[in-house]
Visitor: 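Mind looking over this structure? Questions follow.
In what follows, chains are A, B, ... by sequence order, proteins preceding strands, each numbered from 1.
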Number of protein chains: 2
Amino acid sequence: MPPLLSIGEFSQVTHLSVRTLRRYHEAGLLEPARVDPASGYRSYGPEQIPTAQVIHRLRELDVPLAEVGRILASPSTEDRARLVAGHLQRLEDQLQRTRSAVASLRRLLHPEPAPLPVELRRVPATLVAAVEGTVGSDDVLDWYSAAMAQLDAAVPAPAGPPGGLYDNALFTDGHGQAVVYLPVSHAPPATGRVRARTLPAAELAVTVHPGEHDTIDVTYGRLGSWVVRSALAVAGPVRETYLVGPRDTPDPARWRTEIGWPVFRVAPG
Amino acid sequence: MPPLLSIGEFSQVTHLSVRTLRRYHEAGLLEPARVDPASGYRSYGPEQIPTAQVIHRLRELDVPLAEVGRILASPSTEDRARLVAGHLQRLEDQLQRTRSAVASLRRLLHPEPAPLPVELRRVPATLVAAVEGTVGSDDVLDWYSAAMAQLDAAVPAPAGPPGGLYDNALFTDGHGQAVVYLPVSHAPPATGRVRARTLPAAELAVTVHPGEHDTIDVTYGRLGSWVVRSALAVAGPVRETYLVGPRDTPDPARWRTEIGWPVFRVAPG
DNA sequence: TCTTGACCCTCCCGCAGGGGGAGCCCGCAG
DNA sequence: CTGCGGGCTCCCCCTGCGGGAGGGTCAAGA
């Protein structure tokens, strides 16, 4: 007969709190070796210690309980390794975002007093080859690179640098409509997700964000500030134009991103 | 008269959702420039855009709203910088913990089959110079180094390597009693927080954890497993003895930490 | 002037993972 | 037999955010 541990004893050897163990039971992550039908008392076996520790570690990595369950339930070691590797990748991404936020914060706290050069520009309707979709802000980067690859394949000779149209909801609500495009002189045949599209004419408040996109929100804010102070109001999705981007130079410091915010004049008074 | 923005417009220029802006108002972080007394409509001024962005960045760094409030309310730039620096430090620490968890997880998923050498040892009561306190598991490291510095100052010639006594609640509930000590041959005078203390005699299940403390929980689990299978039960706080530690060598790979878990025999059957 | 639709308001519920605590049962030891 | 240290369940609270209901406001167009 194997030695069984009360929940309190198991808590001591695993360094998990009693409450947490109960929750893990409830969530189906760590079924006690025995549950007394009369009293409901939980008993754990020593062979469950490693499982408890794996859960502990995964939780330290902020893996959601549901995902932990999936990892524990996966039959093969490779599956487990793949799921865990996926999470480590997500941690990497998060670290990158943290770095960006730190960089952005630094700029905000040590603001450059140089005024932002903004130009009010009336742009005509433009023919483009575009890929359109509804995305979550987490997936934008993946979605963007996939779309851009399709565009590059479909458009041999673009008439200008690539650009994107981003719904405001994408930033504020975390998901929304996005369009990436390449200007063309003639409508291309529809291939894959690539479609011909005409960007409407608009009046844009335009500025250029230099460098990588870490701190682009600062530039957005300064542009927004300019727009408001100029008695204008924003209307419609933002247009970004990648004047110099990763396809042109691997050095992020040399990137140049044009931000164009559609505006209209607010009646004075 | 300065141009004022509706909450929706402000949401668009700051990339914060309307709901979030309302929450920040409620939390006192970002008071609208005007609130219509009749309709309750919020209006924001363009000068609030940078503030909104600072909040946005801080939230991306998982700074709690209360702390954001403190940062925004702090009068001097130095205070602000200090608070932010503190948070960046916390991010660093968290990163370190993440690294530890990853390392630990790797060991758990690729377990070493070598059996853990465990010794059952009866230790006599020991006279020590000790610093005692109730700490949260987050502060243990800071608390430990401060206490050890005091001990080193008070005890010129210790009779053995330093050690610690850690309440189980410290691991499971996140806070509990902790003691660090240096063995002495004669009771030292009480200086600062340093007191003479006698560790009670005990029967300990003892093993040694090699290397840094990243994966010490794995060793804890294996030791716990051994204890249970040997028909023993844990009793009282864990004793760690730092046979070889940071004070001996800067190379963590050569550290050796002895873990002693007080046990008692469980009546068979 | 009325209607319509976009916008705004408040309030409640949900999510994740826990913590705190009430109120009760259970078993053991003095 | 009584106390006490566990164990049990159930409920509410916390954080920061989203979804949605139900209702008020405001401006443009008919």
Visitor: Can we say A:R90 and A:D93 salt-bridge, meaning some charged N sits less than 4.0 Å from an Asp/Glu carboxylate O?
Guide: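 Result for this pair is no, no salt bridge flagged.
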Visitor: Compare side-chain N and O positions of B:H56 against OP1 and OP2 of D:dC17 and report whether any pair is under 4.0 Å apart.
Guide: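 So the side-chain polar atoms of B:H56 never come under 4.0 Å of the phosphate oxygens OP1 or OP2 of D:dC17.
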Visitor: Let me know the distance between CD of B:E26 and C1' of C:dC12, rounded to the nearest Å.
Guide: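 Rounding to the nearest Å, CD of B:E26 and C1' of C:dC12 are 13 Å apart.
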Visitor: Could you check how far CG of A:D36 sits from P of D:dC8, rounded to whole Å?
Guide: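 These atoms are roughly 10 Å apart.
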Visitor: Over how many whole Å does the gap from A:H25 atom NE2 to D:dT9 atom P extend?
Guide: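 Computing the A:H25:NE2 to D:dT9:P distance gives 8 Å.
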Visitor: C:dC9 C1' sits how many Å from B:R34 CZ, rounded?
Guide: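 Between C1' of C:dC9 and CZ of B:R34: 15 Å.
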Visitor: Test for a donor-acceptor pair under 3.5 Å between the base of C:dG17 and the side chain of A:Y24, counting only N and O atoms.
Guide: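 Flag unset: no donor-acceptor pair detected.
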Visitor: It should be established whether B:T20 places a side-chain nitrogen or oxygen under 4.0 Å from OP1 or OP2 of nucleotide D:dG18.
Guide: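 For D:dG18, OP1 or OP2 has a side-chain N or O of B:T20 closer than 4.0 Å.
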Visitor: Identify, between B:R59 and B:S39, the residue whose nearest nucleotide on DNA chain D lies closer to the 5' end.
Guide: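 The residue whose closest nucleotide sits nearer the 5' end is B:R59.
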Visitor: What contact category does B:S43 fall into here, base, sugar-phosphate, or nothing, at under 4.0 angstrom with non-hydrogen atoms?
Guide: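 The answer is nothing, as B:S43 stays clear of every strand by at least 4.0 Å.
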Visitor: Round to a whole Å and report the spacing from CG of B:L61 to P of D:dG16.
Guide: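 Taking atom P of D:dG16 as the reference, CG of B:L61 is at 14 Å.
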Visitor: Considering only NZ, NE, NH1 and NH2 on the basic side and carboxylate oxygens on the acidic side, decide whether B:R19 and A:D173 come within less than 4.0 Å.
Guide: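 Salt bridge: no.
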Visitor: When both hydrogen-bonding distances must be under 3.5 Å and the geometry is Watson-Crick or G-U wobble, what is C:dA29 paired with, if anything?
Guide: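 The answer is D:dT2, by the H-bond criterion.
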Visitor: Is there side-chain contact between A:L58 and A:E67, with at least one heavy-atom pair below 4.5 Å?
Guide: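 No - every pair of side-chain heavy atoms lies 4.5 Å or more apart.
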Visitor: Is there a side-chain contact between B:S17 and the phosphate of D:dC17, meaning an N or O under 4.0 Å from OP1 or OP2?
Guide: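 Looking at the OP1 and OP2 atoms of D:dC17, neither is under 4.0 Å from any side-chain N or O of B:S17.
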Visitor: If the threshold is 4.0 Å, N to carboxylate O, is there a salt bridge linking A:E26 and A:R23?
Guide: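 Looking at A:R23 together with A:E26, the answer is no, because their closest N to O distance does not fall below 4.0 Å.
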Visitor: Whole angstrom is fine here: how far is it from CG in B:L58 over to P in D:dT15?
Guide: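 Distance check: B:L58 CG to D:dT15 P gives 18 Å.
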Visitor: If each of B:E9 and B:D173 is mapped to the nucleotide of DNA chain C with the nearest heavy atom, which maps nearer the 5' terminus, i.e. the 5' end?
Guide: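 The residue whose closest nucleotide sits nearer the 5' end is B:E9.
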Visitor: Grab the CG-P distance between A:L5 and D:dG7 for me, whole Å please.
Guide: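 Spelled out: CG on A:L5 to P on D:dG7 is 11 Å.
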Visitor: Please determine if a side-chain N or O atom of A:R22 lies less than 4.0 Å away from the OP1 or OP2 oxygen of D:dG7.
Guide: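 Answer no for this pair, as no side-chain N or O of A:R22 is under 4.0 Å from OP1 or OP2.
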Visitor: Within a strict 4.5 Å, meaning less than it, do heavy atoms of the B:D214 and B:S104 side chains meet?
Guide: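 B:D214 does not reach B:S104 side chain to side chain.
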Visitor: Between atom CD1 in A:I7 and atom C1' in D:dT9, what is the gap in whole Å?
Guide: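 Atom-to-atom, A:I7 to D:dT9, this comes out as 12 Å.
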Visitor: Could B:E132 and B:R197 be called an ion pair, given the rule that one side-chain N must be under 4.0 Å from one carboxylate O?
Guide: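 Looking at B:E132 and B:R197, the cut-off is met.
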Visitor: Assess whether one donor atom and one acceptor atom, taken from the side chain of A:R19 and the base of C:dG20, lie less than 3.5 Å apart.
Guide: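 Such a pair exists between side chain and base.
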Visitor: Mapping B:S6 and B:H175 onto DNA chain C by nearest heavy atom, which one lands closer to the 5' end?
Guide: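 The 5'-side residue here is B:S6.
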Visitor: Phosphate oxygens OP1/OP2 of C:dC8: is one of them under 4.0 Å from a side-chain N or O of B:R42?
Guide: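 Indeed not, no polar side-chain atom of B:R42 lies that close.
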Visitor: Please determine whether any donor N or O and acceptor N or O are separated by less than 3.5 Å between the side chain of A:R23 and the base of C:dG18.
Guide: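 Flag set: donor-acceptor pair detected.
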